[in-house]
Amino acid sequence: MSHVFTAPAIASVLVAGSAGETFPVHRIYCVGRNYVEHAVEMGFTGREPPFFFLKPADAVLCVAEGEIGRMPYPSLTKSLHHEVELVVAIGSGGRDIKAADAMKHVWGYAVGLDMTRRDLQGEAKKLGRPWDIGKGFDHSAPIGPIRRAAECDIGAATRITLEVNGTMRQQSTIGKLIWSIAEIIEHLSAAWELAPGDLIFSGTPEGVAAVEAGDALKAHVDGVGSLQVQIVAR
């Protein structure tokens, strides 16, 4: 049996500190409104049940540590927003994983950006339509190298930040997640069977805003790494 055309390459992310190892991507799950202040800025309050959306695996824009990735300004939008996130990389899958066991399934962590065509997302919301066009476009998931979990010290005080052109836009701590990483894995694995290679974008703090072609973004999570991206004109 053969394919009718050459199969595309598997999307993958670099592994921090390795000589050429990569982490093959299976699916990209994203958690919506998972910081209190961001939920408020988006018009919501309280600890609502977690909800999720997906991006295609090949939406990843893989950027090496210390390098600057180039993200083309996407088509159809006039409002491209940044959302810095801690990304959780799953190393062993499963269904109905309990929060108490969830961290055993984590292979590592990375710094990511959930780039959003906010105007298109907003229009979809008003019409009660899916968010795919606002969230799942090409290059919409820039990501730095994945660092093995044993090399990371992720705790409540771990800082997550994003600068645009040297000015701080987003800053918070992982302890301000509404749903913890373990709880996210528990909820996700009740809805989907998680698999090795899954990436979970765990949510963004307040301060999301628009960027333009020419803007330089620097995302950082303490103990995990940094991610630099420049928005370029198409």
task = Can you sort out the partners of Tyr73 under ring pair (Phe, Tyr, Trp, His ring centres under 6.0 Å), two or more places apart, ordered by chain and number?
result = none
request  = Using the ring pair (Phe, Tyr, Trp, His ring centres under 6.0 Å) rule, collect all pairs that involve residues 191-218, keeping only residues at least two apart or in two chains.
outcome  = Tyr29-Trp192
N/O donor to acceptor pairs below 3.5 angstrom from side-chain atoms of residues 133-140, sequence neighbours left out:
unit_1	atom_1	unit_2	atom_2	d
Lys135	NZ	Glu83	OE2	3.3
Lys135	NZ	Asp114	OD2	2.7
Lys135	NZ	Thr116	OG1	2.8
Ser140	OG	Lys55	NZ	3.3
Ser140	OG	Lys135	O	3.1
Ser140	OG	Phe137	O	2.7

inquiry  = Applying side chain to side chain donor-acceptor pair (under 3.5 Å), can you list everything that pairs with Thr158, at least two apart in sequence or on another chain?
reply    = none
inquiry  = Just to verify, what does Lys218 make a side chain to side chain donor-acceptor pair (under 3.5 Å) with, not counting sequence neighbours?
reply    = none
query = Are any of the side-chain nitrogens in Lys98 or Asp101 under 4.0 Å away from the carboxylate oxygens of its partner?
reply = no
task = Applying ring pair (Phe, Tyr, Trp, His ring centres under 6.0 Å), name anything that partners Phe52, two or more places apart in sequence or on another chain.
result = none
message = Show me the pairs that pass side-chain hydrogen bond (donor to acceptor under 3.5 Å, both in side chains) and involve residues 221-234, at least two apart or across chains.
response = His220-Asp222, His220-Ser226
message = If the condition is side chain to side chain donor-acceptor pair (under 3.5 Å), which residues does Arg147 pass it with, not counting sequence neighbours?
response = none
In residues 9-23, what donor-acceptor pairs under 3.5 Å come from side-chain atoms, sequence neighbours left out?
unit_1	atom_1	unit_2	atom_2	d
Ser18	OG	Val15	O	2.9
Ser18	OG	Glu21	N	3.3
Glu21	OE1	Arg148	NH2	2.7

side-chain contact (heavy atoms from CB on, under 4.5 Å) involving Ala209 - partner list, sequence neighbours excluded = His82, Arg169
Only distances under 3.5 Å count here; give the side-chain donor-acceptor pairs of residues 177-188 to other protein atoms, sequence neighbours excluded, each with its distance to 0.1 Å.
unit_1	atom_1	unit_2	atom_2	d
Trp179	NE1	Glu48	O	3.0
Ser180	OG	Glu183	N	3.2
Ser180	OG	Glu183	OE1	3.4
Glu183	OE1	Arg47	NH2	3.0
Glu183	OE1	Ser180	N	2.9
Glu183	OE2	Arg47	NH2	3.3
Glu186	OE2	Ala99	N	3.0

remark   = Sorted by chain and residue number, the side-chain contact (heavy atoms from CB on, under 4.5 Å) partners of Asn165 (sequence neighbours excluded) come out as Asp215, Ala216
